[in-house]
Each structure stands twice: as C-alpha cells, then as structure tokens.
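The block underneath contains the structure these notes are about, expressed in structure tokens.
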Amino acid sequence: MFDSLSDKFSSIIRGLSGKSKISEKNVEDAVSEIKGALLDADVNLRVVRRFINQTMEEAKGEKVLKAVNPGQQFTKIVYDKMVALLSSPEGNALKLKGKDTTSVILLMGLQGSGKTTFAHKLAYRLKKEGRSVMLVAADLVRPAAITQLELLGEKAGVPVFKIEGEKNPAVVAARAIQKARHDLIDTVIIDTSGRMNVSEELMDEIKRIKDASNPDETLFVADAMTGQQAVEIAKDFEEKVGISGVVLTKFDSDTRGGAALSLRSVVGKPIKFIGTGEKMEDLDPFYPERIASRILGMGDIVSLVEKAQEQYEKEEAEKLQKKIEKNTFDLNDYLLQLEKVSKMGSADKLLEMIPGAKGQINEDDINMSELSSEKAIIQSMTRFERSNYRIIGPSRRKRIAKGSGTSVADVNRLLKKFEKTSKLMHKVATNKKYQASMMKMFGNM
C-alpha cells in the first residue's frame, strides 16, 4: 500500500537529510515535489493545496532553517501535517455501548464495495475482543447475498439472522435487533444491499433501515482502489443518509492512497477500518500515526509487534527463550515458528512495517513460498529426526526430499540454514554484549 507515494516521500526526505543547513529554496523544492507526489497519488486538489500551504508556512520558519538538524525538523513537520490530515477530533475507534446492552452497526455502500466480506471480518474481530455478535442478512437485492453471509458467518463462528420470503429489509433489521436483545447478544452488524451507482432507491432503502434500527455506527464501505470516486460517493451518502465513519476495503492493493488521504478532509468523517487482505484476520483499525509513518517510509514497528503478539502467548515465548538459551531449539520448534510467521502476513506487508527496510531489503529475501517448501521438508521428517537433525544422513535426506516434493539440495540448504539460525539465536540469547550491539544497530536503523 502507498508504494509509489512512500517511495517519493522517502526520496524527498533523503534529499534533505544530512544537510547542516537548508535554504528557503531547498524547502520550496521539497514542498513542490511533495505536491506532485500527492497529486500523482490521486489526492483531492483542495486537500493538497491546504496540506502544502500549511507545510510551507511552518517549514520556512526560523526554527527549521536554522535547526541543528533541519532535515529531521522538516520530516517531523510533514509527519505532523500528515497525521492531522488523517486524524479526527472524535477519534477513529468504534463507538459501541457496553456489553450489557445491544449496539447496532449499519453497513452501507455501492455493490461490489466489499460490505459482506467486511461484515464477517468485523464480526470475527469483535468476537475475539469478547463481544457476542449477530450478522443480519438485509441485502435482499443481490442474488445469493444471504447464502454468502451465512457461509461467512459460519466461518467466523457467529449467528446470521434472516427472514425467509421477507421483501422489506427494514423489517429484517428491526426483527433482528429484537432477537439479539432477547438472546442477550451485544453487537448486531447489518449487511445491506448496494447498487451499481448512487440512486434515490438505494438512499431511501438505507434511510428506512436506519430509522428501523437506530444504529450506533453507520459505516460507509468503499473500495480503496476507486480513489476519488470513493470520496465523492462517501460525500453523497453523508449528505443524504448520514454516516459516522468510513471503511476502506482492498487497502493492501491501493498503491496510490488518494482515497485515504482525501476522505477525512472532504467528507469530515473518520476512517475506522482498512481491509488488508483476503483472510478473515485481514482487517486493521485505522491508526493515523501508523499510516503517516508508513507513507513517509518510517515503517510501523507497533503494528509489527502487535501482529507478533497475536501469534505468541507469553508462556510460550518464555518457554522458547529457555530452549534457545539451553541450545535445545530443534526443527519441531523451527516448524512452529515458520507457521507463525506465515500467519503474520505476506512479505511485502511485513517489510513495510520495518523501519528502514524499504529499499534495503528485497521481498525475495523473505520468500514466503520458500517458507512453504521448508515446512514441507520438516513435515516429511520423523519426530526423532526433527529432534536430532544431525542424524539426517544422505539416505534420510533423499527420502525426505522425495516425501516433500523437493530436492536433496533443498533439504541440505534447510539444514544448513537451521544450524546457522539456531547458533545465532543462542548467541543473541546468551551474550549480553552482542545483544547490546544488536539493539544499537536497530536503533540506528
């Protein structure tokens, strides 16, 4: 996401970094490049002008021009303005009531924007957070919409409310809320129908559902890849129906980022969530500071740590630490780590979260398909072989290669890599001086 924009910003910032002094001309040139980058990213023209004027005014001040490190000062100004552009005074989190009552989330948007997929991702996320959730099939227009929601609801482990033969979605919504209150379900997510474009028929239908359900959140769901079109449609929904926030689906495929950078200023509503992939887990809250950091090529180490924490329980991590320290880390443990890394996301997603990695580490260096073949090789070993990799001689390697659909060379490569990795991990875990040098290197990066 934001690939092109991030590359341009990183280049602009590198151009100012390291300068002991910068002139007004340096600032003007940098701001002009930022303007071009934002326009290329399909950001709304009025938003670009406001952003540029505010940045120029502050960056030309005495504080920056005479600063000890003017490049860093300029970067901070751009970062602060970017955060302000993406932030909302009311915050970006969902406004839901406590678990002792029922909160209602109403979804709306055009056909194909990803409402149904988002509904089940949100249901899954809220369930993990300890809420009880019901999905409501109020899309009575699209063929198989109800069936799709039922399948996704089953996948997320939440009930789906529907009324066979009912033609009025407002009735479905009202009855669903009654049912949820009776069953002590604290969160209702209503999936509604869309149309190919904004129409009076669609707006009237959404208004009726809204009146019948009295939602706590009315979320407009948009395809991030449609850029300024998504912004204009969101504006229409806000004016005619009223929305409390925006969800951007296919955010991982949006290389320009025009919609994300324009929505808050043009529509006046916060972005609440972003869809970051096809899996049920690929839904993230929208954090302006983290997004701004990624756009400027500064990484997003907080999100990376959170993703890692989702995969590692504290006790499990401590147990692994002890095995590494005692040098008893084996291929069973290595396989478990490969599976956890695979669940954290694709290589490009992980790389853009690591500060300084962009342009320094290639996606091929973290080859996810290679991880899959490594898993297959280890899974073709006996448990005894995984625990004692040194017993794996030529005949065993040949058998493992055949069983995993790989070559003996692939097996040899994995065993060498494992030996090197386990030695390095043991060194890091037991050598305090080495730990300090690693932390210093990471801090510099």
Side-chain angles (χ1 to χ4, degrees), residues 44 103-123 134-153 160-180 187-250 258-259 262-263 266-273 275:
N44 179 277
S103 298
V104 179
I105 302 170
L106 175 62
L107 308 184
M108 60 185 80
L110 295 189
Q111 190 171 313
S113 62
K115 292 188 300 298
T116 305
T117 302
F118 167 69
H120 101 284
K121 285 183 177 181
L122 180 59
M134 172 192 282
L135 288 168
V136 181
D139 181 354
L140 309 180
V141 174
R142 183 168 59 90
I146 295 175
T147 303
Q148 182 191 4
L149 191 66
E150 285 181 309
L151 290 170
L152 292 173
V160 175
F161 182 89
K162 65 176 182 178
I163 302 177
E164 294 287 354
E166 180 58 59
K167 303 293 183 186
N168 187 345
V171 171
V172 175
R175 293 267 296 278
I177 294 166
Q178 288 176 359
K179 171 74 171 166
T187 311
V188 171
I189 302 172
I190 305 172
D191 182 31
T192 64
S193 65
R195 304 292 189 278
M196 293 305 293
N197 45 52
V198 176
S199 66
E200 288 302 318
E201 179 191 19
L202 173 60
M203 294 302 180
D204 288 343
E205 182 179 299
I206 297 294
K207 283 177 191 171
R208 289 198 307 273
I209 298 171
K210 187 178 178 183
D211 291 342
S213 60
N214 189 26
D216 299 276
E217 287 277 7
T218 49
L219 302 181
F220 171 74
V221 182
D223 180 343
M225 293 178 68
T226 58
Q228 286 308 298
Q229 186 184 355
V231 178
E232 292 306 314
I233 296 167
K235 198 175 170 186
D236 276 343
F237 271 85
E238 164 59 10
E239 290 170 355
K240 294 172 183 175
V241 181
I243 62 177
S244 61
V246 178
V247 175
L248 287 175
T249 61
K250 303 176 191 172
S262 304
L263 269 162
V266 176
V267 184
K269 298 296 174 181
I271 301 171
K272 302 266 185 174
F273 288 98

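Paired with Lys210 under the rule side chain to side chain contact (heavy atoms under 4.5 Å, CB included), one option of Thr192, Val104, Thr218 passes, and it is Thr218. Partner Ser244 forms a side chain to side chain donor-acceptor pair (under 3.5 Å) with one of Glu217, Lys272, Glu238 and no other, that one being Glu217.
Between the NZ atom of Lys162 and the CG atom of Leu140 there is a distance of 12.0 Å, given to the nearest 0.5 Å. To the nearest 0.5 Å, atoms CG (Asp204) and OG (Ser199) are separated by 8.5 Å. Here CG of Leu202 is found 9.5 Å from CD of Glu200. Values are rounded to the nearest 0.5 Å. Going from atom NZ of Lys235 over to atom CG of Leu263 covers 11.5 Å, rounded to the nearest 0.5 Å. Taking CG of Leu110 as the start and OG of Ser193 as the end, the distance is 11.0 Å to the nearest 0.5 Å. Taking CD1 of Ile189 as the reference point, atom CG of Leu122 lies at 4.0 Å (rounded to 0.5 Å).
By the side chain to side chain contact (heavy atoms under 4.5 Å, CB included) test, Thr226 is found to be paired with Asp223, Gln229, Ala230, residues two or more places apart in sequence or in another chain being considered. For Ile163, the side chain to side chain contact (heavy atoms under 4.5 Å, CB included) partners two or more places apart in sequence, or in a different chain, are Phe161, Glu166, Val172, Arg175. For Arg195, the salt bridge (charged side-chain N to carboxylate O under 4.0 Å, His left out) partners are Glu201, Glu205, not counting sequence neighbours. Among residues two or more places apart in sequence or in another chain, the side chain to side chain contact (heavy atoms under 4.5 Å, CB included) test is passed with Asn44 by Arg46, Val47, Gln228, Ser262, Val266. Evaluation of the side chain to side chain contact (heavy atoms under 4.5 Å, CB included) rule for Thr116 yields Arg142, Gln148, Leu149, Leu152, Asp191 as partners, not counting sequence neighbours.
A distance-only check finds no donor-acceptor pair linking the side chain of Gln111 to the backbone of Met196 [under 3.5 Å].
The minimum heavy-atom distance between Ile243 and Ala234, with the atom names listed, is CD1-O, 4.0 Å. Taking each heavy atom of Asn168 and Ala170 in turn, the nearest pair found is OD1-N, 3.0 Å. Looking at every heavy atom in both residues, Ala145 comes nearest to Asp139 through CB-OD2, 3.4 Å. Closest approach of Ser103 and Asp216 over heavy atoms only: CA-OD2, 3.2 Å. Looking at every heavy atom in both residues, Ser113 comes nearest to Thr249 through O-OG1, 2.7 Å. For the pair Val198 and Met203, the tightest heavy-atom approach, listed with the atom from each and the gap, is CG1-CE, 3.3 Å.
Annotation: side chain of Phe118 is in contact with side chain of Leu219 (closest heavy-atom distance under 4.5 Å). In this structure, the side chains of Val241 and Phe220 stay at 4.5 Å or more apart for every pair of heavy atoms. Pro215 is not listed as a side-chain neighbour of Ile190, based on a closest heavy-atom distance of 4.5 Å or more.
Among residues at least two apart or in separate chains, there is no salt bridge (charged side-chain N to carboxylate O under 4.0 Å, His left out) pair with a member in residues 105-123.
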- Message: Would Glu239 and Asp236 count as a side chain to side chain contact (heavy atoms under 4.5 Å, CB included) here? Give the steps.
- Response: CA-CA 5 Å; Glu239 290 170 355; Asp236 276 343; 4.2 Å; yes
